[in-house]
Each structure stands twice: as structure tokens, then as C-alpha cells.
Amino acid sequence: MKRLVHINDRGGHRDSQNHCSNKISNTKYNIFNFIPKNLWEQFSRFMNKYFLLIATLQLWPLITPVSPVSTWGPLLAIFAVSATKEAWDDYGRYCSDKEFNEKLVWVVKNGVKTRIQAQEIEVGDLVWLLENDEIPCDMVLLGTAEPLGLCYIETAAMDGETDLKTRVIPGPCHGLTSAQLLNIKGMIECPEPDKDILRFDARVRLFPPFPGDELSPLGVKNTLLQCCYLRNTEWACGVAVYTGNETKIGMSKGIAEPKLTAADAMLDKLTTALFICQIVVVMILGLAGNVWNNYEKDKTWYLRFPKKSEWYDFIVIPLRFELLCSIMIPISVKVSLDLAKSVYSKYIDWDIQMYDAVTDTPAKAANTAISEDLGQIEYILTDKTGTLTENMMIFKRCCINGVYYGNFNGDALTDQHLMHSVTEKVSAVVKFVMVMTINNTVVPNMSRENGRLTYKAQSQDEEALVQAAAQLGMVLFSKKGSVVEVNFLGHTMEFEILQVLEFTSDRKRMSVVVRDHSTGGLYLLTKGADETVFRRVRAGEPVQQVADAIDQYSQLGLRTLCFAWRDLDEQEYVAWTAKFNEASAALTDRELKIAEVSELLEKDLELLGASAIEDKLQDGVPETIASLRKAGINFWLLTGDKQTTAIQVARACNFIMAEPEGQLLKIEGSTPSDVADSIEGVLQTFCINNSENKNIAFVIDGLSLEIALKYHKEAFAKLALLIRTALCCRVTPSQKAELVGLVKSCDYRTLAIGDGGNDVKMIQEAHVGVGISGREGLQASRAADYSFGKFKFLKRLILVHGRYSYNRSAFLAQYSIYKSLVICFVQILFSFISGVSGTSLFNSFSLMAYNVAYTSIPVMVTSLLDKDLSERTVMQHPEILYFAQAGRLINPSTFAGWFLRSIFHLFYGVPAFGGVRQRRYLLHTESNPELWEAQWHV
Amino acid sequence: MAVTAVDGEFVRRLQKEEEVQRSRKDSRRPRYSKFSQQELSSCKPLLTPRCTVVLFVLVGATCILIGMYALYASWSVVELVNRYDTFCVMKHATSANPLTTNEEKSAYMKNYNKQKNCTITMEIDKLMTPPIYVYYQLGNYFQNHRRYVKSKSERQLRGLPPSSSELNDCKPQDTANGQVIIPCGLIAWSLFNDSFDFSIDDFSSDNGTIFINKTAISWKSDREERFNNTVFPTNFPNNNRTTLANASQIGGASLDENLPLNRHEDLMVWMRTAALPTFRKIYGRIETDLVPGTRLTVNINNFYNTYGFGGSKKLVLSTVSWVGGRNDFLGLSYVVVGCVCIFIGLTFMYLHWKHPRPLGDRSHLSWVRKNAANSRVTS
């Protein structure tokens, strides 16, 4: 399906199309459907359904033992609280929507700029934006104030990245004046709305008299997406293509599925069991009651049973008992658990020891309902860059043309040899530095006040490279459209970037085609991962030399990149450009097609050398990993980095041990059978070595992983469960999520921790997602359940907060049920001595007092403040976590323990009840010693 | 006892950080408070074996002492119990009407014309000092039955018109002759109507008659709040049972229509329904000493029919102590619990003496044991 957008044609062709208005709506409810929809949602939970059933039964006065108010009151209160919370949240969303919708924007109507509300924008409208305006809908950029058709936008609201991104106007629009733009006419062919913010495969055609009466391609580079801000550009105008909730960001919005914790799931099961038990009890009592009636009815004159019995009599007694026993599953479980959990998550927010002073980031628990799951984590899947490491890249070493720089003093930038080579203008070195300077997406920014040059980059590596190049004498100081200005040792050089072959996680390399304005030479500059670059170099290049260097660097835990160069032939380039443009204009599989075409040009490369960038480990990482591992948690490292780098970092942070304590097994292969053999081999080795108490880990790369997940999922899962430590290198974001899913499917509680946009999927997939609010933007921490500034806080999050939460929730949930069981059992026993008639032993008031004052408040206080062991003890002996991890505190057997305890207290208490009855008077209800007894046991 | 203290080093670090933060104004650093950091001072007793043993023995000893005291108090209560229901009806048995089955007894009770009175004697063998409470005790009588418990109108007792749902609960004793019954319901209707007269000399002289004080035997709150002094029994069916036809319609006592409800002490006592099927209700107080050797003669009007459902009726005289009436359970349970505590304490002591373990011994921690087991396997 395609969408056709007629540019600037209000009232023309537009009637035939039914696009939604630009009114965005993030609200879940409206004023009419709020009550039914909210109620429907609340009643989708088993417990709520149960409570409603009970409350409804109570409306039948013939069977109700106590006043219905005692059930309806709390029930309505609970529903009112949840509904109010929902309504409040929704109202907040409504207000922000309204603000967005009613914001005034300039829109061109009949060639005149008019100010209208944002919600009145229609698809095809020409919207005029000024600097620092928020973009009201998804638009295709048509014109800007910049002569080269560029504009800058900030996408922080969309992906959390704070750098400025450049957007360009499509080819046909170049050179149009703003007066011309007011009357522009044309048509855009774009896909139906989707949520992929990195893809926009569309085409544009302008109608005469405007130039370019043919389809020209549009991509993400030409779009202005909703919620971004226009920066550093006086004005820009564009045509609305997606509006309202159909924008990219609107489509990707969604309310995340609530996560259910292991303890919650267990509690649900136990409650269901209890419900069945309750039904059985009710049937027995109902039967007994009917039998009693049959025998005693005519004798007990003081009860004066009616002579004629009604047809429904046999059902009345069981129903009465159902109501009497309904307290078995108390409303207070849900209420007090919800309350307690929200306090547990507040403890995390408030924790000073999890506050990172350097970045001024406190810990944040976005999900208030899952803190006890933290205490039951069995697998941690962690990202490497930015999570274990600082993500502060520093250019350390390089190897150019077989010469190692920076090997002696550990810093290539201060290596005299390198400086010397640069000033001597050794060809290979200059080329190398040129690739560093030009082949990137860095935007130089000259400050107007002090003339200082700063760089804004999406990739920390690129920034490090550009900075390093600047120190070496080649300063990138201006990027205007496709023209790059570089100051090399005092001379200004101008390059025109003709094509950018972008970096993708599949290609793992980036290239640019540039023309040197001074010489007119045409070059292809490439940088990328070694294996992809090596495959494309021309024969006879010193591949082995560079590979050795890269190996050496990886051993040191440095991140490596390969640099390559190619002098292009004019004709070849022209021929290739046609193909490239065709691929760029493709509406389907554009990325794939571009990748294919790119390969045609990226061949016969001249290998220049390799660079090594250091990424420092965060402090406390090895200790954190060591102690969490002692707590029985298994670690998997999922990284996009190379295998050797990953192994080095893993060694450095205690992740894997060197021989002889540890052993690293490799799974490799590029065909299904190779991988199968490899997995088999690893399994065998593992079985042989297992008895030796070694720390065995396996390492796998992205390609083999893909094959393994596709063809040998079972074998791989088996392996994954046997070997507790894994390194997965060169994995894509979706593979990360798939691995989380794999571990999850084996019934393990997983925690995923990461910091970048590429970790979002895995964070959302895992039982508990943790985000590090790092340099790669806030995407991960936004999607996460918990976020904080440093990896080392994970230890405290799990060992202290997770463990306490689990212990406390387990106690609270089971205690709440226990105390209800006690009072319910007393009631059941009483039934047998009250003619099985369903008399309530307790009146509404004493029931309420028992539930709220006597038993809820004390246990609530306990479960908010109780610390079974001090924080220090747990931190020093992480093994203590085993207990929580194995779910030893809430499971059928602990529950049976509580069940038996309630029976014991029943039989312990009831003789007391019988015993003290011979007081001067028999008090009616409140004198139940069970209450005191139960209290005493708190 | 060890009180967990906040780690000193950590506090110092905090203070240092705090200073740094103060210079930085709009910091997002969480505020420090003992509650938010979960550092509220707490008391964690260290339960060493010795401490545990001492604790158990002490608690046990205390329990036994309290139990003994309660038992002593209970034993000091003098209680006389006399079951009279069978005796009183059998007295009227003739060869024509042997009254052997419950049905026969019940039929005899329903006959308005039959003699129902009887005389029993009770020997005083211990001095009884006032107040001596006179109770009647019913057995197998379900005052706690759902039909029964609900069958009353609180509004009516307070002097308000009963609500329709209350009247519905009162059925079938809600109305008679089209008029609302006051007080309505089964409870009031089935009011206990046996009466007891006490004498120390066979009623041969008025001097021997013992006065039973029947005032202030109900709950004070009942007299003052629950039952109203402006409400008089009206249209009460038991009051119209003068004809032969009505006599067979069993039910309880009649109520004096000239007295307001809150002067009907027996009714107020009866309407505090009992929780168990065997229960005692107060009948009155004897306010003179009863010396040992006295032979009490009790004239009983045995009107109340418990024969049909196999219930029992007893007359009880009892003095009180601080534990209430004769009630050994409280004392016994204290003594038993005390003994169990001491037994547990001694067992712990024995175990500790037999298998001593130093404090802080870590060899039994699960993970230490697991590792030990592993190394044993591998070695």
C-alpha cells in the first residue's frame, strides 16, 4: 500500500483521501468509555473477578451473613483508587496532548502563511517552522534558510541522543526561493504509516513549473519527524506526510505490557488452589447444613422453620457458606502488596548509595511492581560498551603501513614518530588521517562567542578519531552540506562528499566518496570492522600485517577499526552512481539494495592500517561481577564488538578466568553442520572437564549464533543452560533480545542491563530491564524498569533491594492469607456448632477491625522495615541470595506451612474459646480469644 | 543484644559527599533520612543457645506461676449444678403416661392443663459468699442459629419503627392480627420461662425464703441504650395464651405490657444470644451467705420445653473470682504451656551440651557445605 500526498493542495485532490487529522491522542480513555473500559480492565484479573462475585452474592439478603457494606466498601475503595490513579495519569496525558494540539504553527494556505493550531494540520499541508520550534507532524523537508538546503534537528525526545542531526532537502527542491516554496505543487509517494524511525522509503515529484518532473528518492535524511526540534536553522518548511497518531513516533508509542513477577505468579497459583479448597469446604458445609435441617427442622420449635420449603433452599446454605468463607482470599492481600511494593521501589529511588555524583543521576525505579523479582534473578545478560565500560573513547594506538605507533608510550598522539610522519606528509599516514577526519558523521560546531571548536557525534568512536586527527594536525572545522573544510597543517583543504555509504550493523563498515577540490581526485574512504574490510581489499595488500596488529590491540582490550582507501575512476563512479540512485529510490528493501550496490564500489581497497581506541572499564565492575556470581547468578555478555576485544574485556572484569582456573570454549562455523559439530564438541569438552570445578565459558559470534538459533536451537539451549558463562560477540539488537528469550524460555529469571538504543529490545524482553543512563543517550534507561548511573550499583540493587523486597513481599502475601485463613477456619468450625446454618461468628465491624487494625497495620509496618540480615552481611556474603533465588520463601510448601500454622492456631485457640466461655456472660463476638492469640503471634 | 550501628566509614563518606553537593545547587541527589536509607535504628537480639535456654526456662516458669494462680482462683469458686429437666417431668409420670420418650415428654409439656412444677434440693458443702449467681444452663439449644440470631429488630427495641428488612428477619413472629409485634422475632418469642424459688427450710416459713435479686443482671448498655424505656411490649403472642387452643402453641414467657422493655431484665439477658449450643444465662443474684450444711429447696416451674429436641436444663449456683466462674482451662493452659517451654529449654540445653558449636561457626552454611561436598567428590 502506498500513500499519495499532494503537496500544498488544500481542497484539491485531498477529499478523496481519508487521513487522520493531526490531533494526537495518547490517552487510553475518553470521558464516556472511562468507567466501562477501566472496569473491564480491572476485572480482567482473577482476584478482582472473585471479589466482584462475592460482593454481588452479598446483595441477596437471604444469604448474606454480614452487611454488604463491609465488602462493597473496601472493594469500591480499591477500584476507586486504581481508577483515580488511571484517570489522573490519563488526564496528564490529555493535558500534554492538548498543549501539543493547540500549539500555533505557520501553515501555508493558498500561498499565504497563516497561523493555525497544530491539530488542524492536514496531510499535504506546507508547514513553516522557525528555529527552536517543535515539529508538529512527520514532514518531508522542502526548503530551509541555509543556502545548501540543510537544517539541523535535535532528536532527543525520540531516541535520547543529544547531538544535532542534519537533514537535507531532496534534490528537486534545491535552489527554490521561499516565495516559490509558498506555491510549490507536487506529489509524494510514501509507504503507509509505520513505526520504523530509521526508514522512510519514499519518492517525490514536483509539478511544473517546478523542476524535477520525475520521481526522485526520499529517505530519512529528508524527513523532519514529530517531537524533534529545529535547531541552528533560521527557518525550514516541509510538507506534512504523516499526521496525528500516524506519525512514526505515534505508531511506536504503546503502553508496555505489565510484567508479572515470579512471586506474583506463584501467589496467583496459590490463590487458585485456595479457591478450589474453598469450594470443597463450601460444598461439604452446604451438604451438612441441608442434612441438619432435614433432621432438626421439626424438633427445634424455637426456630420455627416454615412448613413449606422453597425450591432454592438446597442452594441457599452453600451460598451462605461461600460468602462466609470468602474471607479466605482477602482483599487486603492485593491492597497491602501493592502498597508495600510501591514503597520498595521508593527505597530504590531514595537510595543515596546508588546515586552517581559524577553524572548527577539518582537510581530510578520506573516499574514499581517488580522489585521482588530482583531477588530471584538467575541470569544477567549484559551489554559491554557503556555498561561495563565507561564509553569514553580515547584514541590510543595505530598501525599504519606496518608501522606501529604508540606501542612504546601507550599513546600514539604523543608518539614523535607519528607526529614526524604527519609533518613529513608521508602518503599513507596522511591518507590514514584523512579517513579519520572525513569519513564520519561528526558535526563540527564553532562557538560564536569564543571560537572554540566542539564536535557533536553520534558515535563516541568517531568523535575520538576526529579529536585525535585534530591533534595530529588535520582539523575538521566546517561541514556545510556536502562540503567539508579541513585545516591540514595550516592549509585549508576542501572536499566534497559525493556519497555516503552508511554504517549498518550488517555491513559493519562505512564509506564516503569524496572529491578533493584542489586536485580533483576522486576517492573512496572506508573504515570498518576488520573482517569486512579485509574481504574487500585488493590482492597483495599486507592483510596479515594489519591482522596481527589488530590481534595485538584486541589482546589489550582496545577497540579496533580498519582503514582503507581507493582511488576511483570517474567513469566507474558515474556508472555506479546511477545504480546507487536507483537503489536509493527503491520503495522496498531499500537497505538491502543499497548494501548490494555499495559492495560494487567497495572493492580492491588499499589497506592503510588499523586504529585502536581505548574504552576504560567502569570502576567496581570486576568486584560486582565476582560477588554477583558468588550469589549464584550467571552472566552472559552480549556485545557488538569483536571477539578478541570482548574476550579481553571479559578477562579484565573477572568475567572469565584464564587457564587453569577457567577454560574458554569456542563455537564457530559458517554452515549449519559446522556449527552443530562445534556445539557438540563444546558439550563433550564440557562434560569431561566439568568435574574439575573449572569456570568454563563459551564464546560465539554473531554469524554462528544466527545459525545456531536458526537450526540448532535445542542443542544450543541445552549448552546455554549447562555452561553458565557466555560471550556473544558481534550480535545485533534483535539477537540480544532473542538470547534473552532463549534463557527465559528455560524458566530462568533474567535481568538485562544495557545503556544504548541497541539494548532496548533486550531490556524490554527480559523479566527485569535495567538501563545505565550513560553517554549513548537515554533510550535504554527510558525503556528500562530500573535505571542508574553505574554498573556497580547492580550489586546493591539485587543483593539489598531485590532480596529485601522478595523476603518482605513473600512474608506479607502469605501472612495476609494466613490471618484470613485463621479467622475463616474459626468460622468454619463455628458453623458446626451453630446448626450448620451459616451464622457469622463475627460482625462486620469486628471483621473489619481484625483485617485492618489488628492484622494489617502491624504486618505492614513489619514488611516495610524488616531487615532479616544487615545490608553489610548480605553484601559480604552474596551466597545468602541462593535462598531467595530458589524461591524458598513463597512456594507451595511454605504456603502449606502457613496453612498448617493457621490450622494449628485454630485448634490451639478454639479450646481457649470454649474454656473461657463460662465467664459471667457469654459475650457475643468480640470476646474471641483467637484474636488475641493471633495478635500474640505477630 | 547487639544494636546494629550505621557503618562509620559510610557516614563519613556521606558527609563528605554532602559537602560537595551543597556547593552544587540543583543536584538530583536523593535526600538523606534514616527512613529513606532504611537505616532506622533497630534492635536485633542475638539468640545464642545459652540465651535461648534461659529465655525458655524463664518464660516457662512465669507461665506456670500465672497458671497456678489462675487455677487457685478457679478452684476457690464454689459451684453447684443440678440438672432438673428429666427429674421434673418424670415426677409427673404415671403408668398410663410413662413419659419415657422425648415425644411423650414434649406432648406433656405442651398440655396447658398439666402440672409442671417440681421441687429439688441442693446441699451446700462449702461456704458461699455473695454475690452468689444463679444461672440456668441450657444444652443442645441453638441460640446461635442463623434463623434465630437475626430474628429481632434493633430499631424496634430502641423505640423506632422497624425497617422492612428487619421485619422480614422477624418472620414468622413479625405480626399478629395484622399488627406489628413488639418485640418481634423468634428470640423474644422463645424467652425462657422456667422460674425458681429458693428456701432454706422447705418454704415452711417466710424467713427461710431466699430473696433472688433480679435487678441489674442484664448488660448496663442494654438497659440504657439498646432497650428503650418508652417501648412497651405490645401485641405479644405469648401474652394471649390463656385459652386451651393457644396453649399447645409452644413459645416462651409472657411480658408485662405495663413495663417498658428496659425493665425486662430476663428478656435483655435472653436477647444477648449465646454463641455456643450449651450456654448459661443469669437468672439472679443471692445476696446472703450460704453456709455449709444448708439444704436449699428449690421450687421450679418447669415450663420451658426442651424435650422435643433433646436439650437439657440445669440450675447453677456459683460464686465468682477474678477469673470469672469455675474455669480451670485458663490456668491449665498456662501450666501446660509453661511445662512445654521448660521441656524445650532443657532439651536445648542437653543438645547444646552434647553437640556444642562455637558462635559464628560457618561450616554449616549451605554453600560452605556444598563446596565441601564438591571437593570431597573431586578429591
Side-chain angles (χ1 to χ4, degrees), chain A residues 61 65 296 298-306 320 346-347 349-355 357 360-363 630 632 691-693 800 804 830 833-835 837-841 865 867 870-872 877 879-880 882-883 911-925 927-928, chain B residues 4 7 10 14 17 20-21 24 27-33 36-38 40 42 44 133 141-142 144-149 165 168 172-173 186 189-190 219 250-252 272-277 279-280 282 305 308-310 320 324-330 333 365-367 374-375 377-378:
Chain A
E296 299 290 331
D298 301 328
K299 299 180 191 163
T300 48
W301 56 266
Y302 52 91
L303 298 176
R304 288 197 66 177
F305 277 101
R320 279 179 187 160
K346 273 282 160 234
Y347 282 145
D349 291 351
W350 290 334
D351 197 335
I352 293 186
Q353 295 184 60
M354 282 168 58
Y355 165 75
D360 190 25
T361 321
K630 250 165 108 187
S691 52
E692 287 172 26
N693 221 1
V800 174
Y804 280 154
F830 176 72
I833 54 170
S834 63
S837 58
T839 315
S840 175
L841 178 56
L865 303 177
K867 294 169 120 180
S870 75
E871 287 172 15
R872 222 166 17 151
H877 304 283
E879 295 95 338
I880 293 169
Y882 284 164
F883 210 73
F913 182 45
V916 292
R917 71 167 202 273
Q918 291 174 2
R919 286 228 142 141
R920 188 171 156 211
Y921 295 118
L922 243 174
L923 306 184
H924 178 47
T925 55
S927 70
N928 180 10
Chain B
T4 52
D7 194 349
F10 174 60
L14 276 185
E17 268 180 35
V20 175
Q21 287 306 317
R24 218 164 129 177
S27 155
R28 295 200 293 153
R29 182 177 206 274
R31 290 234 188 86
Y32 176 85
S33 83
S36 68
Q37 302 308 309
Q38 304 197 61
L40 291 174
S42 63
K44 256 191 196 156
Y133 290 100
Y141 190 100
F142 290 91
N144 56 13
H145 195 279
R146 186 186 158 92
R147 268 182 79 78
Y148 195 83
V149 170
S165 73
N168 197 34
Q173 291 300 327
L186 293 172
W189 173 74
S190 61
W219 287 21
I250 47 174
R272 281 279 156 197
T273 48
L276 299 182
F279 58 92
R280 286 177 181 182
I282 191 160
N305 183 0
F309 51 88
V320 286
R326 182 73 183 253
N327 175 15
D328 295 349
F329 181 84
L330 187 67
S333 56
L365 293 173
S366 62
W367 59 91
N374 276 354
S375 57
V377 169
T378 46

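All values derive from a computational prediction rather than experimental measurement. Note on naming: letters A, B, ... go to the chains in the order of the sequence lines (proteins, then strands), and numbering restarts at 1 for each one.
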Item to complete: Specify the closest pair of heavy atoms between B:Ser190 and A:Tyr302, including all atoms of both residues, with the distance to one decimal.
Response: CB-CB, 3.9 Å
Discussion item. Ignoring hydrogens, what is the shortest heavy-atom contact between A:Glu871 and B:Gln37? Give both atom names and the distance.
Written reply: OE2-O, 4.1 Å
Worksheet, complete the sentence: Those residues at least two apart in sequence (or on a different chain) that pass side-chain contact (heavy atoms from CB on, under 4.5 Å) with A:Tyr347 are A:Val343, A:Tyr344, A:Trp350, A:His801, A:Arg808, A:Leu864, A:Leu865, B:Phe35, B:Gln38
Worksheet item: Do the side chain of B:Asn144 and the main chain of A:Ile833 share a donor and acceptor less than 3.5 angstrom apart?
Response: yes
Discussion item. Can you tell me how far apart OH (B:Tyr148) and OG1 (A:Thr300) are? Round to the nearest 0.5 Å.
Written reply: 11.0 Å
Worksheet entry | Side chain / backbone / both / neither for A:Phe883 at chain B, heavy atoms under 4.5 Å | neither
Worksheet entry | Segment of A:Asp298 engaging chain B (4.5 angstrom heavy-atom cut-off) | neither
Worksheet item: With sequence neighbours excluded, what pairs up with B:Pro172 under the side-chain contact (heavy atoms from CB on, under 4.5 Å) test?
Response: A:Arg304, B:Arg147, B:Leu186
Fill in: Part of A:Lys867 within contact of chain B (heavy atom distance under 4.5 Å)
both
Practice prompt. Locate the shortest heavy-atom distance separating B:Arg29 from A:Ile352; write the atom from each residue and the value.
Written response: NH2-CG2, 3.4 Å
Item to complete: List the atom of B:His145, the atom of A:Ser837, and the distance in Å for their closest heavy-atom pair.
Response: NE2-CB, 3.2 Å
Discussion item. Please verify the inter-ring angle class for A:Trp301 with B:Phe309; under 30° counts as parallel, over 60° as perpendicular, anything in between as tilted.
Written reply: tilted
